[in-house]
Amino acid sequence: MSFPWAEHYTPKHPAMQWIDEKLPLPRLVYNAVGAGYPVPRNLNYFWNFGVLAGLALMIQIVTGVIMAMHYGANTLVAFGTVEQTMRDVNAGWLMRYAHANGASFFFIVVYLHIFRGLFFGSYKAPREMVWLLGLVIFLLMMATAFMGYVLPWGQMSYWGAKVITGLFGAIPVVGEPIQTWLLGGFAPGNASLNRFFSLHFLLPFVIAAVVILHIWALHIPGSSNPTGVEVKGPQDTVPFHPYYTAKDGFGAGVFLILFAILLFYAPNYLGHPDNYIEANPLSTPAHIVPEWYFWPFYAILRAFTVDFFFVPAKLLGVLAMFSSILLLFFLPWLDTSPVRSGNYRPTFRKFFWILIVDVLILGYCGGAPAAEPYVMISQVAAAYYFAHFLIILPLISRFEKPLPLPNSITEAVLGRDAIEGEREALPGMGSDPQPSHAG
């Protein structure tokens, strides 16, 4: 998207003029993240998490490529090569810990990015494609993270692979052949490790490609903003550079400081101690759990304990787990309210915070043993999760009385009295014969 008032790229140096004529890459960058891309003037720090997710992806790709140089995708040596990398390779411990904890930080910023979109209605028209591509990225992240968890070939790696791939066995008729095809055998082994390693190496680059589509789709309608009101004119925008490059730079600094604190002082805090025990198919861990960022979905999977007529409980759990993500693809059409931002939707805002608590409860239950009272709590929380999106949200959209919206972004930022001063200062915006009283 290019607003009529957007600055145009005009290279002055002969070399840059030649490059712009032959391969207009500087122009593309200028119009994507430079002064040629006007954005709403009222974006807050919740809009930093998209950039932070991109930074986390770059950390994962760089550290992952370095780790792959020293990894052996064979069940006899996989565990040993990871340990050798940490002990004998220069800065190998740093690369391994940065990659393992980088995955957690990647999911943290993506979850915050998703819930920001949920609260501010960033999934609503005309940004449905931005939302849908974001969910595709999320699914690819989950697949990549699962396969990466298998590669160290510790106890949790092996048994996590066995449990998760075993979910496909719950599908009638075709389930077991699919499971065998995925593993390359009847249990995780060399074939599984080779396949997971290849896909784990490939998928981050696929994610990067979808991220480009995600950003492209975003630039067509332009960024959303905390008011949910669309841009009306140049007074509502500022150039992305230097205003938001500086803001994103500050956010990246905070992100890297927190990342460094975890990396250097508690590198194993988010991991599972059993994964420092080499995989043993003859010794089942007492409590098999995935990584923490899968816990809410794992809780939904385990919430189904009773068969429903001819449908096994295991199949119901698998369907519910996948449905918990897939229903988000329909969110732009489930929420029919004309108001985007939760700031102007009082009822929606209350239920949004209930949803946050519900997801946290699911996460806690997913990391807890599959015993009471955790199973019962996860059943109630899973029921509310689906009710929120399929029942409560459509009803809120229909019956809620939203608060009055500001007429423009500028009015929301500066107040009505200051708008007149803004109009007088900007050519082509017109002015009111009444004097303005900017405060």
Side-chain angles (χ1 to χ4, degrees), residues 1 23-34 36-37 39 47-71 73 94-114 116-117 122-123 127-151 195-223 240-241 244-245 248-249 251-253 255-256 259 263 291 293-294 325 328-329:
M1 170 180 196
L23 183 65
L25 186 59
R27 180 181 296 272
L28 176 66
V29 174
Y30 184 88
N31 292 334
V33 294
Y37 178 46
V39 289
W47 267 256
N48 280 45
F49 292 106
V51 171
L52 296 182
L55 174 61
L57 176 60
M58 291 301 103
I59 291 173
Q60 291 304 95
I61 289 175
V62 171
T63 56
V65 168
I66 294 172
M67 287 291 295
M69 294 176 183
H70 306 280
Y71 180 74
L94 180 63
M95 292 298 103
R96 197 274 172 97
Y97 282 145
H99 194 68
N101 290 292
S104 291
F105 269 70
F106 196 4
F107 273 93
I108 288 170
V109 296
V110 166
Y111 279 133
L112 290 170
H113 193 53
I114 290 173
R116 188 271 295 169
S122 299
Y123 50 85
R127 298 177 182 85
E128 303 98 317
M129 186 55 67
V130 184
W131 176 256
L132 298 179
L133 287 169
L135 291 175
V136 171
I137 294 170
F138 182 56
L139 289 174
L140 290 171
M141 283 176 58
M142 295 180 76
T144 306
F146 160 67
M147 287 182 282
Y149 194 44
V150 177
L151 299 186
R195 294 175 184 196
F196 289 170
F197 174 62
S198 300
L199 289 172
H200 182 70
F201 192 92
L202 171 67
L203 285 180
F205 299 98
V206 177
I207 292 173
V210 183
V211 166
I212 293 172
L213 296 178
H214 184 63
I215 297 171
W216 187 3
L218 172 66
H219 278 62
I220 293 172
S223 297
F240 190 88
H241 176 77
Y244 288 115
T245 50
D248 287 333
F255 171 88
L256 292 173
F259 184 50
L263 187 60
E291 288 279 51
Y293 35 77
F294 293 140
I325 303 172
L328 297 177
F329 281 88

- Query: Hey, mind stepping through I207 and Q60 against side chain to side chain contact (heavy atoms under 4.5 Å, CB included) and telling me if it holds?
  - Reply: CA-CA 11 Å; I207 292 173; Q60 291 304 95; over 6 Å; no

With sequence neighbours left out, the residues meeting side chain to side chain donor-acceptor pair (under 3.5 Å) with Y111 are none

Value for OG1 (T63) from CE (M58), rounded to nearest 0.5 Å, stands at 11.0 Å

- Donor-acceptor contact present, side-chain Y244 to main-chain V39, <3.5 Å: no

CD1 of I59 to CE of M95, rounded to nearest 0.5 Å, is 10.0 Å

dist N101:CG -> I108:CD1 (nearest 0.5 Å) comes out at 9.5 Å

For F259 and A98 the tightest heavy-atom approach is CZ-O, 3.5 Å

Discussion item. Does M142 have more than 12 heavy atoms from other residues, nucleotides or ligands lying within 6.0 Å of its CE?
Written reply: yes

dist L263:CG -> L256:CG (nearest 0.5 Å) comes out at 10.5 Å

Donor-acceptor pair, distance only, cut-off 3.5 Å: does the side chain of W131 make one with the backbone of L328?
yes

Here the pair of heavy atoms bringing L133 nearest to L213 is CD1-O, 3.6 Å

S223 and Y37 have their tightest heavy-atom pair at OG-OH, 3.2 Å

Note: V109 and A53 closest approach over all heavy atoms is CG2-CA, 3.7 Å

- Query: Is a side-chain donor or acceptor of R127 paired with a backbone partner of G222 at a separation under 3.5 angstrom?
  - Reply: yes

Here the gap from F106 atom CZ to L55 atom CG, rounded to the nearest 0.5 Å, amounts to 10.0 Å

In terms of heavy-atom contacts, H241 and V33 come closest through CB-O, 3.8 Å

> Heavy atoms, side chains only, cut-off 4.5 Å: are F240 and D248 in contact?
Replying inline: yes

Mind telling me whether F107 and Y293 have parallel, tilted or perpendicular rings, with 30° and 60° as the class edges?
parallel

Here the gap from M67 atom CE to L151 atom CG, rounded to the nearest 0.5 Å, amounts to 9.0 Å

The side-chain hydrogen bond (donor to acceptor under 3.5 Å, both in side chains) partner of S122 among R116, E128, H113 is R116

Aromatic plane relationship, H200 with H99 - under 30° parallel, 30 to 60° tilted, over 60° perpendicular: perpendicular

Sorted by chain and residue number, the ring pair (Phe, Tyr, Trp, His ring centres under 6.0 Å) partners of F201 (sequence neighbours excluded) come out as F205

**Prompt:** How far apart are the C-alpha atoms of I215 and H219, what are their side-chain angles, what is the distance that settles it, and do they pass the side chain to side chain contact (heavy atoms under 4.5 Å, CB included) test?
**Reply:** CA-CA 6 Å; I215 297 171; H219 278 62; 3.3 Å; yes

Correct closest heavy-atom pair for N48 and G251 would be ND2-CA, 3.6 Å

The salt bridge (charged side-chain N to carboxylate O under 4.0 Å, His left out) partners of R27 (sequence neighbours excluded) come to D20

Min side-chain heavy-atom separation M129-I220 under 4.5 Å
no

